[in-house]
*Asks:* 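Dropping the structure in here first, questions after.
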Amino acid sequence: MPDSKTDYRATLNLPDTPFPMRGDLPKREPKWVKEWEDEGLYKRLRVARRGREKFILHDGPPYANAAIHLGHAVNKVLKDMIVKARQLKGLDAAYIPGWDCHGLPIENAIEKKFGRNLSRDEMQARSRAYASEQIAIQMAGFKRLGVLGDWDHPYKTMEFATEANEIRAFKRVIERGFVYRGLKPVYWCFDCGSSLAEFEIEYADKKSQTLDVGFRADDPQALAKAFGLQQLPAGKDAFVVIWTTTAWTIPANQALNLNPELEYSLVDTDRGVLLLAASLVEKCLERYHLHGGRVLATVKGEQLDGLQFRHPLYDVHEAFKRLSPVYLAEYATAEDGTGIVHSSPAYGLDDFNSCVAHGMQYDEILNPVQGNGSYAPDFALFGGQNIWKAVTPIIETLEKAGRLFATQGIEHSYPHCWRHKTPVIYRAAAQWFIRMDEGEGVFTKDKAPATLRQMALAAIEQTNFFPANGKARLHDMIAGRPDWCISRQRSWGVPLPFLLHKDSHELHPKTMEILDIAADMVQAGGIEAWSKAGPEEILARVGAAADAPQYAKSTDILEVWFDSGTTHTTVLKGSHAGAAHENGPEADLYLEGHDQHRGWFHSSLLTACAMYGRAPYRALLTHGFTVDSQGRKMSKSLGNGIEPQQTWDKLGAEIIRLWVASSDYSGDIAGDDRILARVVDGYRRIRNTLRFLLANVSDFDPAKESVAPAEMLEIDRYAMSRAAQFQQEVLAHYEVFEFHPVVAKLQVYCSEDLGAFYLDILKDRLYTTAPKSLARRSAQTALYQITHAMLRWMAPFLSFTAEEAWKVFGTSESIFLEEYAEIGGPDTALLSRWNRIREIRDLANKEIEAVRADGKLGSSLQANLVITAPADDHALLASLGDDLKFVFIASAVDLRAGEDLKVQAVPSQDAKCDRCWHWRADVGSDPAHPEICGRCVSNLFGAGELRVHA
């Protein structure tokens, strides 16, 4: 029997758990990564869900170049959270990580290290080795982030089977009638040394020199007649004046474009008679510093069709003695400049289309700019000069020739290479294209029932977008895009496996058989096998060896967007067959940054529509870019970036995961040290709550000691009902791929629903009642089920912590083998009843805090409350009986009827129990236990107190 020196703390049911308060994440996480890998967790997940409904998130392949950065982390963690959430839902949620391996950045890396004059074979061998090294580095980073996937069998666009299947996919696009060869101006990057696709272009400001240049009339009388004049003023030259921002295109000018509906004026000035758009005359003369100009006549552009003007350098060099005819074109406007557009068809798409439409033959188009950005060595006046550096001598030459009317510097938006961030040009080149609209393709066998543009736009209507504004973005890009240039002049990539006639450049008649041969060769030996094979060997395999002397192999490759854009079939239906839906779109979801509306989303949509007539995905989800707290893009120069490697070494990858989950990814995602510090605080709140839950069920055997719902105390049933309500909210958010509301609500749930209310009230019952009493087991039953549910809610984003807790709490090998807990549905009446009790309790807490602030109270247990309540509230509180004081964590509550709700807190005059810390009149009522109250005596040595509600 205890005496006055009894340590009553030892009689309490104090919580105990091996789950530590400190996460020590940087040290523990690598052990979990290794354990998941060693034990083959991903394989076990697939076995556990075999035969279930599939969920396919197809991985947009990161480029195999350099260690992962924070943007990679955001992307991969988002994918991992979604896959894990679907896995916990009970779906077979496979995740096949992948890499984009071909293309220019790797070639650039090899050239920097080994020089620019490598043979094709050596470039391919070194590129393949380099990509493998980079993949290993990035894979380790993704694993360290806690991403679960088929890391033993990722997909790589450079795998032989994937390269071969890409050729087969290309053949299918040809069969459907979409592929053709043509001369067209395409975006050209001098740094790449290759053409670029529309979605490899970004716009940035560029400084340029504008020019107003005069073209002298070849037949002044014809010009006068077109304006209804007898003749032009005597002794004056007549000029049509153009305005351009691309001085380097002037030497290749071949035509002039006027709008047929615009009005044009002939103006007599001190510099001669000038042809200008009527609405721009005043601005132009001011720009040319000409005063007193007189309009001689005004006509519509359609009256000027076919007039001839001399090239501005006509009198400077024999090579420029040519005429520029006027062609009518609606793209000439009077928004700026002079209303007249000079046309160099090799360097502008509108110019090209206009000239070709007016009868210019392809071989008549002047194209002096080489792929490296310099004029051809034999080009008159400017041969061998880089076009950007040639701007100054071009301007000087025009000025000396008397053809420069004005020049000034401007800064304007201009297309740049997405990779190199350098200005690009349009440049005419014979390229292979995928046609967007009506037209004839090569070797059409199974012509598609609609144009590619029509099918793609229709497919967008069948796709769900997260966020919704992505739909308009992708729609506008597809609606306005030109034909897709798919050929590149590089070495490291999947070949365009064509044999072209040396004279006519026509494809070999057995091209479709050659494509099959090429795919088989690549399947066996990679792209290198095709690269090393000569026309003789290839044609021999299709029974046409005699044709070999007349044919040459194309050295072009398919652009890398075709690589990744066909992975819906090369991977999901090829190298990883079975990781796709049997019918309909192959994937449920594609997820990437919002720049991929012009990239992977775009190319995947076009290839799938070309092959199957539908999108390869049911939904598209886009996320923003990583920025600092001031909204600035992270960069090394600003020193505002966050390196994931440093962050997981210092704070743990779990903090990166929680940061991603807590961010609204629909916009840019802000991160810096202060933001991460707040994330750490949020993590601790969740971890501490979880630790409390685990510690208080450590002696609970659910199989033997669970309490039936009907026998549970009312507040425990309320807590279960609130958990059920919360789970409904969580799963609704997960269904539409939302995580930041879950994190925000979970933190509030931990701090308010649990910490500040339920668990706060529960401590007395858990610690002071008999260990196996109904009161304590009822509480543990609720806590056990809440813990089950909570671990599953947090597992998609707090994967390491959930797994760590599961090893303490769970019965299976991994939390990820589980499904969402079945905790029933919310009892709305019970929730409403206790929500009102909580509101009144909040009012009481404010009163207690006010008295405590005056120094009249210690803990709330020292308070006696006097609550005056109107009828409904009085009845509500009275229904709790003697348990009311436990809800308010006070030693006594005097409940009175009144008109208004009021709470008064006064210090108890009774003694404090050494065991439960309640202030009660019966402390010492048992002489054998003078330091504790009657209920503690009963709980320790008697039948135990009766609890009904709390």
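These figures come from a predicted structure and were not determined experimentally. When reading the values below, keep in mind they use all heavy atoms of this one structure, side chains included, and skip hydrogens, waters and symmetry mates.
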*Asks:* Under 3.5 Å, is there a donor-acceptor pair between the side chain of E592 and the main chain of G60?
*Replies:*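 Answer holds: yes.
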*Asks:* What heavy-atom pair brings I395 and L404 nearest, and what distance separates the two atoms?
*Replies:*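 Heavy atoms of I395 and L404 come nearest at CG2-CD2, 3.6 Å.
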*Asks:* Counting distance only, does the side-chain N/O of W484 pair as donor-acceptor with the main-chain N or O of M436 below 3.5 Å?
*Replies:*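 The answer is no, because no donor-acceptor pair under 3.5 Å joins these two groups.
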*Asks:* If you take all heavy atoms of P345 and P185, which pair is closest and at what distance?
*Replies:*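 Answer, listing the atom of P345 first, then P185: O-CG, 3.4 Å.
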*Asks:* Does A406 offer a backbone N or O that forms a donor-acceptor pair with the side chain of R287 under 3.5 Å?
*Replies:*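 Flag not set: sc R287 to bb A406 has no pair under 3.5 Å.
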*Asks:* Quick one: pull up CD1 in I486 and CD1 in I434 and give me the separation to the nearest 0.5 Å.
*Replies:*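 With rounding to 0.5 Å, CD1 (I486) is 4.5 Å from CD1 (I434).
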*Asks:* Salt bridge check, E440 against R435: does any charged N sit closer than 4.0 Å to a carboxylate O?
*Replies:*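 No.
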*Asks:* Test side-chain hydrogen bond (donor to acceptor under 3.5 Å, both in side chains) on Y414 and D205; report intermediate values, then the result.
*Replies:* CA-CA 6 Å; Y414 189 86; D205 288 341; over 6 Å; no
*Asks:* Could you walk me through whether Y314 and F320 pass the side-chain contact (heavy atoms from CB on, under 4.5 Å) check?
*Replies:* CA-CA 5 Å; Y314 187 95; F320 295 101; 5.5 Å; no
*Asks:* State whether the side chain of T210 and the backbone N or O of Q408 hold a donor-acceptor pair below 3.5 Å, judged by distance alone.
*Replies:*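 Side chain of T210 to backbone of Q408: a pair is present.
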*Asks:* Short question: side chain of R322, backbone of Q254 - any donor-acceptor pair under 3.5 Å?
*Replies:*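 Checking the backbone N and O of Q254 against the side chain of R322, no donor-acceptor pair under 3.5 Å is found.
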*Asks:* Among residues at least two apart in sequence or on other chains, which ones pass ring pair (Phe, Tyr, Trp, His ring centres under 6.0 Å) with W600?
*Replies:*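 For W600, the residues satisfying ring pair (Phe, Tyr, Trp, His ring centres under 6.0 Å) (neighbours in sequence not counted) are H58, Y590.
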*Asks:* Only pairs at least two apart or in different chains count here, so list each side chain to side chain donor-acceptor pair (under 3.5 Å) that has a residue in residues 214-223.
*Replies:*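 Residue pairs with at least one partner in residues 214-223: D218-R310.
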*Asks:* Could you tell me if the ring centre of F239 sits under 6.0 Å from that of F405?
*Replies:*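 F239 vs F405: aromatic centres under 6.0 Å.
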*Asks:* As a quick check of understanding, evaluate side-chain contact (heavy atoms from CB on, under 4.5 Å) for F215 and L275, giving each step before the final call.
*Replies:* CA-CA 10 Å; F215 289 61; L275 171 56; over 6 Å; no
*Asks:* On a heavy-atom basis, which atom in L328 and which in E302 lie closest, and how many Å separate them?
*Replies:*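 Closest heavy-atom pair between L328 and E302: CD1-CA, 3.7 Å.
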*Asks:* Taking S604 for the side chain and F601 for the main chain, is one N or O donor matched with an acceptor at less than 3.5 Å?
*Replies:*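 No, because the side chain of S604 does not come within donor-acceptor range (under 3.5 Å) of the backbone of F601.
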*Asks:* Shortest non-hydrogen contact from L606 to A456?
*Replies:*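 So the two residues come closest at CD2-CB, 4.1 Å.
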*Asks:* Which residue pairs pass the salt bridge (Lys or Arg N to Asp or Glu O under 4.0 Å) test when at least one of the two sits in residues 366-394, sequence neighbours left out?
*Replies:*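 Qualifying pairs: none.
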*Asks:* What is the minimum heavy-atom distance between Q370 and F190, and which atoms define it?
*Replies:*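 Minimum heavy-atom contact is O-CE2, 3.9 Å.
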*Asks:* Between A459 and L605, which heavy-atom pair has the shortest distance, and what is it?
*Replies:*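 What the structure gives for the nearest pair is CB-CD1, 3.8 Å.
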*Asks:* Quick one: does any side-chain atom of D237 pair with a main-chain N or O of G272 as donor and acceptor, under 3.5 Å?
*Replies:*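 Pair absent, no side-chain N/O of D237 close to backbone of G272.
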*Asks:* Whether the S344 and N253 side chains hold a donor-acceptor pair (N or O, under 3.5 Å, no angle test) is what I'd like checked.
*Replies:*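 Their side chains do not contain a donor-acceptor pair, so the 3.5 Å distance test is not met.
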*Asks:* Are C355 and I365 side-chain neighbours, meaning at least one heavy-atom pair lies under 4.5 Å?
*Replies:*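 Not touching, per the 4.5 Å side-chain cut-off.
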*Asks:* Walk me through whether F352 and Y426 qualify under ring-ring contact (aromatic ring centres under 6.0 Å, His included).
*Replies:* CA-CA 10 Å; F352 178 87; Y426 265 116; over 10 Å; no
*Asks:* Tell me whether R116 at atom CZ has more than 12 heavy atoms from other residues, nucleotides or ligands lying less than 6.0 Å away.
*Replies:*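 No, the 6.0 Å shell around CZ holds no more than 12 heavy atoms from other groups.
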*Asks:* Mind running side-chain contact (heavy atoms from CB on, under 4.5 Å) on Q489 and Q431 for me, showing each step along the way?
*Replies:* CA-CA 10 Å; Q489 293 68 51; Q431 302 284 353; 2.9 Å; yes
*Asks:* Which residue pairs pass the salt bridge (Lys or Arg N to Asp or Glu O under 4.0 Å) test with at least one member in residues 361-374, sequence neighbours excluded?
*Replies:*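 Sorted pair list comes back empty.
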*Asks:* Are side-chain heavy atoms of T622 and P467 found at a separation under 4.5 Å?
*Replies:*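 Yes, at least one pair of side-chain atoms sits under 4.5 Å.
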*Asks:* According to side chain to side chain donor-acceptor pair (under 3.5 Å), does anything in residues 465-483 pair up with another residue at least two apart or in another chain? List the pairs.
*Replies:*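 Sorted result for residues 465-483: Y180-D483, K184-D483, E461-K471, R473-H597, R481-H602.
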*Asks:* As a quick check of understanding, evaluate side-chain hydrogen bond (donor to acceptor under 3.5 Å, both in side chains) for Y331 and N353, giving each step before the final call.
*Replies:* CA-CA 11 Å; Y331 73 91; N353 291 335; over 6 Å; no
*Asks:* How about S208 and H412: does a side-chain donor come under 3.5 Å of a side-chain acceptor?
*Replies:*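 The criterion, which ignores hydrogens and geometry beyond distance, is satisfied for H412 and S208.
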*Asks:* Excluding sequence neighbours, so at least two apart, what forms side chain to side chain donor-acceptor pair (under 3.5 Å) with S195?
*Replies:*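 S195 satisfies side chain to side chain donor-acceptor pair (under 3.5 Å) with R488 only.
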*Asks:* Walk me through it: do Y327 and V341 pass the test side-chain contact (heavy atoms from CB on, under 4.5 Å)?
*Replies:* CA-CA 10 Å; Y327 295 148; V341 175; over 6 Å; no
*Asks:* If we only count heavy atoms from C-beta on, is the C284 to W243 side-chain gap below 4.5 Å?
*Replies:*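 No, every pair of side-chain atoms sits at 4.5 Å or beyond.
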*Asks:* Do the charged groups of E200 and K421 touch, with an N to O distance under 4.0 Å?
*Replies:*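 K421 and E200: not salt-bridged.
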*Asks:* Look only at the side chain of R181 and the backbone of A430, and say whether a donor-acceptor pair between them is shorter than 3.5 Å.
*Replies:*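 Such a contact is absent between R181 side chain and A430 backbone.
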*Asks:* Salt bridge check: are E263 and K300 linked by an N-O gap of less than 4.0 Å?
*Replies:*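 Salt bridge absent between E263 and K300.
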*Asks:* For F170 and F498, take the angle between the two ring planes, folded into 0 to 90°, and tell me which bin it lands in: parallel under 30, tilted 30 to 60, perpendicular over 60.
*Replies:*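 Because their plane-to-plane angle lies in the 30° to 60° range, the rings of F170 and F498 count as tilted.
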*Asks:* Do you know which of T269, D212, D270 makes side-chain hydrogen bond (donor to acceptor under 3.5 Å, both in side chains) with Y288?
*Replies:*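 So, applying the side-chain hydrogen bond (donor to acceptor under 3.5 Å, both in side chains) to Y288 and each of T269, D212, D270, only D212 qualifies.
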*Asks:* For the residue pair Y203 and I201, establish whether any side-chain heavy-atom pair is separated by less than 4.5 Å.
*Replies:*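 With C-beta onward as the side chain, the pair touches.
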*Asks:* I need the single residue from T249, T246, N367 that forms a side-chain hydrogen bond (donor to acceptor under 3.5 Å, both in side chains) with Y347. Which is it?
*Replies:*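 One option only clears the test, and that one is N367.
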*Asks:* Tell me, with the steps shown, if H420 and N108 meet side-chain hydrogen bond (donor to acceptor under 3.5 Å, both in side chains).
*Replies:* CA-CA 11 Å; H420 290 99; N108 283 344; 2.9 Å; yes
*Asks:* Carefully, step by step, assess Q454 and E438 under the rule side-chain hydrogen bond (donor to acceptor under 3.5 Å, both in side chains).
*Replies:* CA-CA 10 Å; Q454 290 167 342; E438 290 290 351; 5.5 Å; no
*Asks:* Can you see whether S354 engages N257 through a side-chain donor-acceptor pair at a distance of less than 3.5 angstrom?
*Replies:*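 Per modelled atom types, S354 and N257 side chains form a pair under 3.5 Å.
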